[in-house]
Protein chains: 2
Amino acid sequence: MARISDVAARAGVSTATVSRALNGKSTVDRELVARVQKAADELGYQPNGPARNLRRQEAAVVALIISDVENPFFTAIARGVEDVAHEVGYSVVLCNSDESAEKENRYIDIAIQERVAGVILSPTATTSSVGKLADRGTPFVAVDRPLPSQESDLVLVDTRVAARQATAHLVAQGYERIGCITGPSGVRTADDRLAGYRDALKSAKRRSTTKLVRRTEYKATGAHRAAVELLGQPEPPDALLIANSAMAVGVLRALQEHGIRPGHDVGLVAFDDAPWAELVDPPLSVVAQPAYEIGTVAARLLLARISDNTRPPTTTTLGARLIERGSSRR
Amino acid sequence: MARISDVAARAGVSTATVSRALNGKSTVDRELVARVQKAADELGYQPNGPARNLRRQEAAVVALIISDVENPFFTAIARGVEDVAHEVGYSVVLCNSDESAEKENRYIDIAIQERVAGVILSPTATTSSVGKLADRGTPFVAVDRPLPSQESDLVLVDTRVAARQATAHLVAQGYERIGCITGPSGVRTADDRLAGYRDALKSAKRRSTTKLVRRTEYKATGAHRAAVELLGQPEPPDALLIANSAMAVGVLRALQEHGIRPGHDVGLVAFDDAPWAELVDPPLSVVAQPAYEIGTVAARLLLARISDNTRPPTTTTLGARLIERGSSRR
DNA sequence: AGCGGGCGGGTAATGGATTACCCAGCGACC
DNA sequence: GGTCGCTGGGTAATCCATTACCCGCCCGCT
């Protein structure tokens, strides 16, 4: 594979000039630039990335570590990050931690080894591994969930308030026994959504009971099981707040199997405005989170931190929007 | 940040020994390995990736370039690739080409520059950029769509046959005027699905007319528009074959807006078994593609090619499965 | 004319891990 | 006891682009 010295030889200049010409640094004679460019094209020269990064001590790459590639919420974040990063010539490498602390840790190690310019991540429960980034001085931004023990830039959604509003909406619609299916304990969004749910019940002077609450993985199967359990009780819920769209799939499937009509028999509001939410019958009421915007904001914060890592950590909280549809109307 | 020489000094050995000890190469005295390990841990040493890759002339990384991160079909492929790659210590970097030849080209350049061990991609229409990989001798595997002008390993779905079966199924159900909404011309899967649709009509001795066919982007909005057009015609279709799940969303939305009942008024079969397919009313008949398996097979082929790039190119064609649900039953 | 300054461009140091090559030391065998 | 061979481990070359440093040339000013 062609090296810079090959290009230099072909253009009849030194390697330094080739490097300067190709990177637009310093002033190089127009004619020489053209000659270098021509030689590079003819040889199909592509600079050796590792050599460049080794010398520069940094790669124009940001790592994005998300907890689930198959969750549209996170892929929308990814798209936001990508769009912003590309504008300024950075590449994004997408890593899937699968809610596993071990995989997250592994990807963080790789990010450090590869000397990426920065990291954006949706942290899983354990946080110890993130400390490594801080120790190394690698800029990073947390999205969706805060880091318990680290100071950092944060981009969050005001999910507790959103959960509260959604629950209040169910109350207002006249549902009596409102339940909640949320994510695993310790996952901040799951905890917050549960807290918001409880806030709303409290404001409405309803007593909340753990009998109407289930916590499971943020996946369809867990939610399916939870819904079956809840609905099989002597005093089943007549409405449910569901913490993400994959879970909503599980719940809807359970209702379908038991011949229970959403909206009429059991009111539903789920987090995340999936593309299919309007297609089910009745249309699903949702809490729409600004996922793409989370991505763009996080990317901009990261870029700012890459150029100045001394800036004080900031927290950006974005609002979510309740979209009332048929599934929460009797 | 700690370097290998720091570790060497702390352990009282040479850098060569540190390298050998940490990489488990050659034989190093047990006691020295322990000392090195201890020193490395204490310093929090992480090898410098660029330096390592520069020397090794290759990174344990494969690039996966897919055309749409937000399409569950592709994220399922990604998961398959990741699972296999991780088993053997490779990392996967996921790049989103967005069906744009330019972005694809850009990512291919980056993959070459970074000297990744191999590339898996779902090629967009233009193929010229892929030639660069071949020229450089970078192993690559194409998934979902073949490369017109390149010899390479290929992992495909027999999408033409699947489209044909799906269409034949609609015929058998008694639908008379079967239409098709597929992806852009030149995108092989889109062409194949259309061809399979035509095959089936031909076998059934129906004449096919372009009036019942629409081609658009593989997205919901395009399909929505197409559906509105088709259904607004004097002689509208009474069934539709839809080329992916995002498009199905657009079509279902259009039907909803016009008060047309899927199944009864218009039979539907769509490609890709989305998680929500069973939740719409009536449940959506689909052609389920083995996306995860495409990913695992492609990853294994790539790994094989990385260890021996002289092996002859192979083509693996996986079958798809028609799942008949309510939307294709009158 | 002489000197200073600025600009273009070359030489060589640099980044950090891997590994080819070589050497010391020890055991075994004659 | 001497020599061969093997093993463990050190020294230094290597990967390749970037860039600090330096030099020569030309222009302009005094």
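Each chain gets a letter, A, B and so on, in the order the sequences are listed, and its residues count up from 1.
In this structure a side-chain-to-backbone donor-acceptor pair under 3.5 Å is present from B/N309 to B/G137. Judged by distance alone, the side chain of A/R311 and the main-chain N or O of A/R305 form no donor-acceptor pair under 3.5 Å. In this structure a side-chain-to-backbone donor-acceptor pair under 3.5 Å is missing from A/S19 to A/A16. Looking only at distances, a side-chain donor or acceptor of A/E104 sits under 3.5 Å from a matching main-chain atom of A/T124. Distance alone, capped at 3.5 Å, places no donor-acceptor pair between the A/T15 side chain and the A/I4 backbone. Listed for the B/T317 side chain is no donor-acceptor partner under 3.5 Å among the backbone atoms of B/V157. The backbone N or O of B/A190 lies less than 3.5 Å from a partner atom in the side chain of B/Y218, making a donor-acceptor pair.
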Every protein N/O lying under 3.5 Å from an N/O of nucleotides 5-7 of chain C:
none

Protein N or O to nucleotides 24-26 of chain C N or O, pairs below 3.5 Å:
none

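The interatomic distance linking B/D6 (CG) with C/dG15 (P) rounds to 12 Å, in whole Å. Between B/I4 atom CD1 and D/dA12 atom P the separation is 17 Å, expressed in whole Å. A/M1 places its CE atom 12 Å from the C1' atom of D/dC16, with the value rounded to the nearest Å. Nucleotide C/dT19 holds its P atom 13 Å from the CG atom of B/L22, rounded to whole Å. Atom CD in B/Q113 sits about 15 Å away from atom P in D/dC16, given to the nearest Å. Rounded to an integer number of Å, the gap from CZ of A/R20 to C1' of D/dA17 is 12 Å. When the P atom of C/dT14 is taken as reference, atom CZ of A/R115 falls 20 Å away, rounded to whole Å. When rounded to the nearest whole Å, the span between CG of B/L32 and C1' of D/dT7 equals 13 Å.
The nearest pair of heavy atoms linking B/D144 to B/T189 is O-CG2, 3.3 Å.
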Donor-acceptor pairs are to be reported for all side-chain atoms of residues 53-63 of chain A against protein atoms at under 3.5 Å, with residues two or more places apart or in another chain.
{"unit_1": "A/N53", "atom_1": "ND2", "unit_2": "A/G49", "atom_2": "O", "d": "3.3"}
{"unit_1": "A/N53", "atom_1": "ND2", "unit_2": "B/E114", "atom_2": "OE1", "d": "3.4"}

Which atom pairs, donor and acceptor, lie under 3.5 Å between side-chain atoms of residues 78-86 of chain A and protein residues at least two apart or in another chain?
{"unit_1": "A/R79", "atom_1": "NE", "unit_2": "B/E70", "atom_2": "OE2", "d": "2.4"}
{"unit_1": "A/R79", "atom_1": "NH1", "unit_2": "B/D98", "atom_2": "OD1", "d": "3.4"}
{"unit_1": "A/R79", "atom_1": "NH1", "unit_2": "B/D98", "atom_2": "OD2", "d": "3.1"}
{"unit_1": "A/R79", "atom_1": "NH2", "unit_2": "B/D98", "atom_2": "OD1", "d": "3.1"}
{"unit_1": "A/E82", "atom_1": "OE1", "unit_2": "B/N96", "atom_2": "ND2", "d": "3.1"}
{"unit_1": "A/E82", "atom_1": "OE2", "unit_2": "B/Y107", "atom_2": "OH", "d": "3.0"}
{"unit_1": "A/D83", "atom_1": "OD2", "unit_2": "A/Y292", "atom_2": "OH", "d": "2.6"}
{"unit_1": "A/H86", "atom_1": "NE2", "unit_2": "B/Y107", "atom_2": "OH", "d": "2.8"}

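Of all the residues in residues 53-63 of chain B, B/L54, B/R55, B/R56 reach under 4.0 Å from DNA chain C with at least one non-hydrogen atom. Interface residues of residues 34-46 of chain A facing DNA chain D, ordered by number: A/Y45; criterion, heavy-atom separation under 4.0 Å.
Using a 4.0 Å heavy-atom criterion, one finds that B/T17 contacts the sugar-phosphate atoms exclusively.
Of the candidates C/dG16, C/dG10, D/dC16, the closest approach to any side-chain atom of B/N48 belongs to C/dG16. Closest to the side chain of A/S14, out of C/dG10, D/dG10, C/dT18, is C/dG10. The side chain of B/A16 approaches D/dG10 more closely than any other nucleotide in the set D/dG10, D/dA17, C/dG9.
Interatomic distance, A/R3 CZ to A/Y45 OH, rounded to the nearest 0.5 Å: 10.0 Å.
Atom CD of B/E42 sits in a crowded spot, with more than 12 heavy atoms from other residues, nucleotides or ligands closer than 6.0 Å. The number of heavy-atom neighbours closer than 6.0 Å to CZ of B/R35, taken from other residues, nucleotides and ligands shown, is above 12.
Side-chain contact between B/L22 and B/Q37 is present, with at least one heavy-atom pair separated by less than 4.5 Å.
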